[in-house]
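Here's the structure we're looking at; comments come further down.
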2 protein chains.
Amino acid sequence: MARTTGSDGERTEAAIREAALVLIARHGYEAVSMRQLAAEVGVQAAALYRYFPTKEDLLYTLMRDHMTGLLAAWQAARPETANPVARLAAYVENHIAFHIERRSSTHVSNMELRSLAPERLTHILKLRTTYEKELRSILRDGAEAGIFSVDDIGLTAMALIQMMTGVIVWYRPGERLSIDGVKRTYLAMTMRLVGAPQPAGEQSNVHAHA
Amino acid sequence: MARTTGSDGERTEAAIREAALVLIARHGYEAVSMRQLAAEVGVQAAALYRYFPTKEDLLYTLMRDHMTGLLAAWQAARPETANPVARLAAYVENHIAFHIERRSSTHVSNMELRSLAPERLTHILKLRTTYEKELRSILRDGAEAGIFSVDDIGLTAMALIQMMTGVIVWYRPGERLSIDGVKRTYLAMTMRLVGAPQPAGEQSNVHAHA
């Protein structure tokens with residue numbers, strides 16, 4: 001994910017972000033110092049503070065950009081159709097594709113809410129709610145159309161998001177399953193979980209909007 | 001979960017464990033010092049080392065006891081029947097009941113694998129595998145009997161465990177849903193996800209083995 005083009009300043013900032021994600025995912029935010037991060041990137045600590053005046057500014061930037069990146073990826077992936085099955089399939093595919101390539105960033109985003117100051121926490125939680133609402137609205141539309149069978153919209157949305165994000169815990173590129181294989185299996189599980197009709201040729205749905 | 005009976009030593013050890021779970025869940029293992037923990041419990045640091053010679057001994061003990069506790073809870077909850085639907089229902093109920101009451105412990109167990117030395121990590125991972133195998137064997141039996149529809153046993157087991165454990169992220173006692181309500185909704189989602197028949201009176205299944 002590190003940018004390899006751009007000015008020296010942009011490259012340095014990208015290197016700081018990448019190193020910060022890896023260090024925080026490995027040791028936890030509180031245990032990582034700006035000094036340690038500067039050493040990892042190969043710059044003076046003073047240089048770091050030009051980009052991120054405080055360690056919490058850095059954490060907040062990482063977490064905000066993770067969520068705005070996820071929302072932007074969804075805006076790009078979201079299909080024109082009103083069909084809840086196609087929209088849910090697109091949501092599942094986008095969610096898995098986004099997170100499976102961002103293990104450290106996902107880890108930091110899920111773990112370090114505890115380390116944000118209240119106003120910043122509120123802002124990140126608002127972004128998360130915006131993203132979750134997209135899924136809830138798909139589930140609600142499908143339930144109202146009688147296509148999905150969902151007992152509790154909010155709880156089903158949380159369950160699906162946690163199930164899908166959990167992929168980063170066990171998936172390593174190069175395992176027996178390809179990313180496409182993971183997406184297909186999670187899509188089939190999701191469709192069954194929401195009680196959507198399971199066509200025999202269900203895998204063609206997976207690619208219909210790709 | 002703190003023991004309130006027993007000798008002074010047992011009470012002190014229970015207080016150390018409880019405080020350690022809360023502090024590590026809040027700040028991360030690396031950021032918590034034995035000195036800080038001793039202050040929290042109200043003992044001298046030297047007293048702490050009588051119970052746990054190193055900080056990693058303490059972490060390992062917490063993580064091991066979390067997993068042996070989970071396995072013991074499952075041994076107690078596991079029904080006699082060979083019926084995969086009843087066994088899966090019991091697994092879901094036990095998993096949710098166990099974790100929903102142990103938020104800090106679950107958080108530490110899932111987050112701090114990164115902080116264990118290799119042999120201890122191996123031991124904890126073996127305990128986790130033992131627990132996951134129980135679910136895989138239920139899913140396999142159900143699939144072989146033609147009762148469940150499961151594409152990938154291992155992946156379905158991981159997905160279900162992550163979906164269920166995710167409850168601790170959003171659930172707070174006293175929310176609109178009771179713990180029983182959460183269990184019922186997750187049970188219904190699980191049964192749909194594995195393609196189990198959905199009887200109209202499915203809620204009677206929930207309590208059949210309770």
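Bear in mind the structure is a predicted one, so any value in this text is a computation, not a measurement. Chain A is the first sequence line, chain B the second, and so forth, proteins listed ahead of strands; every chain is numbered from 1.
- Annotation for A:Glu56: atom CD counts as buried by contact number, over 12 foreign heavy atoms lying within 6.0 Å.
- Counting all heavy atoms, side chain and backbone alike, B:Gln162 lies closest to A:Met163 at OE1-O, 4.3 Å.
- Of the listed residues (B:Leu113, B:Thr185, B:Asn110), the greatest number of heavy-atom pairs within a distance under 4.5 Å of chain A belongs to B:Thr185.
- For B:Arg192 (side chain) and A:Val150 (main-chain N/O), no donor-acceptor pair under 3.5 Å exists by modelled atom type.
- Heavy-atom contacts from other residues, nucleotides or ligands closer than 6.0 Å to CD of B:Gln36 number more than 12.
- Across A:Arg26 and B:Glu30, no two heavy atoms sit closer than the pair O-OE2, 4.2 Å.
- The distance from the CH2 atom of A:Trp170 to the CD atom of B:Glu132 is 12.0 Å, given to the nearest 0.5 Å.
- Proximity to chain A (any heavy atom under 4.5 Å) is shown, for B:Val32, by neither the backbone nor the side chain.
- Contacts of B:Leu160 with chain A are absent, with no heavy-atom separation under 4.5 Å from either backbone or side chain.
- There is no contact between B:Thr190 and chain A, counting heavy-atom distances below 4.5 Å.
- Of the listed residues B:Gly195, B:Ser115, B:Gly181, B:Gly166, the one with more heavy-atom pairs under 4.5 angstrom with chain A than any other is B:Gly166.
- Neither the backbone nor the side chain of A:Ile161 comes within less than 4.5 Å of any heavy atom of chain B.
- Proximity to chain A is absent for every atom of B:Thr165, based on heavy atoms less than 4.5 angstrom apart.
- Salt bridge B:Arg176/A:Asp152: present, at least one basic N to carboxylate O contact under 4.0 Å.
- Rounding to the nearest 0.5 Å gives a distance of 12.0 Å between OH of B:Tyr186 and CG of A:Asp151.
- Both the backbone and the side chain of B:Met189 come within contact range of chain A, with heavy atoms under 4.5 Å apart.
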Mind running side chain to side chain contact (heavy atoms under 4.5 Å, CB included) on B:His27 and A:Arg114 for me, showing each step along the way?
CA-CA 8 Å; B:His27 302 284; A:Arg114 65 188 178 189; over 6 Å; no

